[in-house]
Amino acid sequence: MGEGVGGVAEASACEAEREPDPSDSLRTFGAVVQALREHAGLSRAEFGELVRFSKHTVESVELGRRMPDSAFVERAEEALGNTGALRHSARFLTRGEAGLAAWFRQWARLERVAVSLCTYECRLVPGLLQSEGYARAVFDNSIPLLSDEQLEAQVAARLERQKALYERTDVPFSFIVEEHIFRRRLGGVEVTWGLLDHVMNLSALRNVTLQIMPMDAEFHACLDGPVQLLETPGRRRLAYSEGQQNGRLISDPKEVSLLYQRYDTLRSQALNPKDSRGLLERLRGER
């Protein structure tokens, strides 16, 4: 609870439960607060007395675990020199997006406004095409294991992203996926059948194109790994590459152009949409 004048009345939104999934902006803001506090020679307890919040709240804000309210920002600004840095940076604070990895959030925001999206995947079915059962199987295989709450948040976030396929019918979504991914029975036979039905339904949408890269292909333009490409409303092209516990947003025009060239070449090497659907139907018939 808040300390100082007003006692319990000083409790605020800042004293509420911690953020379920801290955003990068919260972590950055907290680091600035901590740096200014330490520069002023104040402990967390001493600073807490000045801003009339507990030292535990100060710690949570500094670690990006809590969204600071306007009272905290104003008092911290006054206590740390009135430079305007905290007021200015607080304008750009955003909450974390539960269920989305920190390194993926910026791309997810771009994805929501993109005028076109292309995805090549060689590890697992792209998130936008996953059935609920398949998504659960993916997260069930997470190491370290997720709690029930974390798993539900991950699944919910993944299904929420898929709404774009139905709601943004003027946006073309292109997918190229390796055949072996659909042959792997992640989660079991029933989950795989459900996945194939789900993917076939989505690929029937007029704004969705799915091509499968066959296992017996003799040429392959994207051997360096999975990649996602998009075009912004301002006609800027961007790319995203993801690996173990990290992701990279690529904005350099030359590098993005190269990735688009590879994707375009891969399109010519993969099965066409009609043959890709036929392959999925055959896989669905294998019991």
Side-chain angles (χ1 to χ4, degrees), residues 19 21-32 35 64 67 85 88-130 138 154 157-158 160-165 167-178 181 207-211 213 220-270:
E19 293 293 304
D21 195 7
S23 67
D24 292 338
S25 64
L26 281 175
R27 291 191 181 95
T28 300
F29 180 86
V32 172
M67 173 70 78
H88 181 73
S89 59
R91 292 162 48 197
F92 303 97
L93 287 175
T94 59
R95 295 186 182 277
E97 298 174 81
L100 295 180
W103 57 85
F104 185 74
R105 290 177 191 142
Q106 185 177 5
W107 182 260
R109 290 191 289 271
L110 291 167
E111 187 180 79
R112 287 195 286 269
V113 298
V115 297
S116 68
L117 290 117
C118 301
T119 301
Y120 164 64
E121 186 56 77
C122 57
R123 305 165 303 171
L124 71 170
V125 173
L128 288 173
L129 296 180
Q130 291 180 9
V138 169
Q154 297 271 28
R158 185 142 297 179
E160 181 67 24
R161 283 179 59 219
Q162 290 185 8
K163 291 181 180 179
L165 299 178
E167 296 173 352
R168 306 189 67 208
T169 56
D170 59 337
V171 176
F173 293 83
S174 170
F175 300 92
I176 304 176
V177 184
E178 294 287 339
I181 292 174
N207 61 325
V208 176
T209 301
L210 171 64
Q211 293 180 255
M213 192 65 184
H220 200 301
C222 284
L223 291 176
D224 285 348
V227 66
Q228 297 184 55
L229 308 164
L230 65 72
E231 188 172 2
T232 70
R235 301 303 171 184
R236 185 183 182 193
R237 288 181 164 186
L238 299 169
Y240 176 78
S241 178
E242 188 172 275
Q244 294 276 351
Q245 296 297 302
N246 67 81
R248 184 168 73 101
L249 178 63
I250 304 167
S251 59
D252 178 74
K254 290 184 178 180
E255 191 170 357
V256 173
S257 177
L258 173 61
L259 293 173
Y260 264 94
Q261 290 177 39
R262 291 178 179 176
Y263 191 86
D264 288 341
T265 302
L266 193 65
R267 272 177 166 162
S268 68
Q269 297 168 337

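FYI, side chains are in, hydrogens and waters are out, and symmetry mates aren't considered; it's all heavy atoms of this structure.
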Inset, instruction - With the side chain counted from C-beta on, respond yes when Q130 and R161 share a heavy-atom pair under 4.5 Å apart, and no when they do not. - result: no
Legend entry - Any side-chain heavy-atom pair of P172 and T209 under 4.5 Å: no
Closest non-hydrogen atom pair, [X] against [Y]:
X: F29; Y: S89; value: CD1-OG, 3.3 Å
X: A221; Y: L266; value: N-CD1, 3.8 Å
X: G247; Y: Y240; value: CA-OH, 3.6 Å
X: Y260; Y: E231; value: OH-N, 4.0 Å
X: P226; Y: R123; value: CG-NE, 3.6 Å
X: A114; Y: R168; value: O-NH2, 2.7 Å

Rounded at 0.5 Å granularity, tell me how far [atom1] in [X] sits from [atom2] in [Y].
X: L129; Y: R158; atom1: CG; atom2: CZ; value: 11.0 Å
X: Q211; Y: Q269; atom1: CD; atom2: CD; value: 10.5 Å
X: I176; Y: C118; atom1: CD1; atom2: SG; value: 8.0 Å
X: L230; Y: W107; atom1: CG; atom2: CH2; value: 3.5 Å
X: S241; Y: D224; atom1: OG; atom2: CG; value: 9.0 Å
X: N207; Y: D170; atom1: CG; atom2: CG; value: 8.0 Å

Legend entry - Partner of Q228 under side-chain contact (heavy atoms from CB on, under 4.5 Å), chosen from E121, E242, E111: E111
Legend entry - Test side-chain contact (heavy atoms from CB on, under 4.5 Å) applied to R262 and V227, step by step: CA-CA 10 Å; R262 291 178 179 176; V227 66; over 6 Å; no
Inset, instruction - Start with the C-alpha distance between V208 and L128, add both sets of side-chain angles, then the distance that settles side-chain contact (heavy atoms from CB on, under 4.5 Å), and finish with yes or no. - result: CA-CA 11 Å; V208 176; L128 288 173; over 6 Å; no
Inset, instruction - List for me each residue that meets side-chain hydrogen bond (donor to acceptor under 3.5 Å, both in side chains) alongside R236, sequence neighbours excluded, and say none if there are none. - result: none
Inset, instruction - Return the set of residues passing side chain to side chain contact (heavy atoms under 4.5 Å, CB included) with S257 (not counting sequence neighbours), or none when no residue passes. - result: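 Partners of S257 under the side chain to side chain contact (heavy atoms under 4.5 Å, CB included) test: Q261.
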Legend entry - Which residues share a side chain to side chain contact (heavy atoms under 4.5 Å, CB included) with D264, sequence neighbours left out: R267
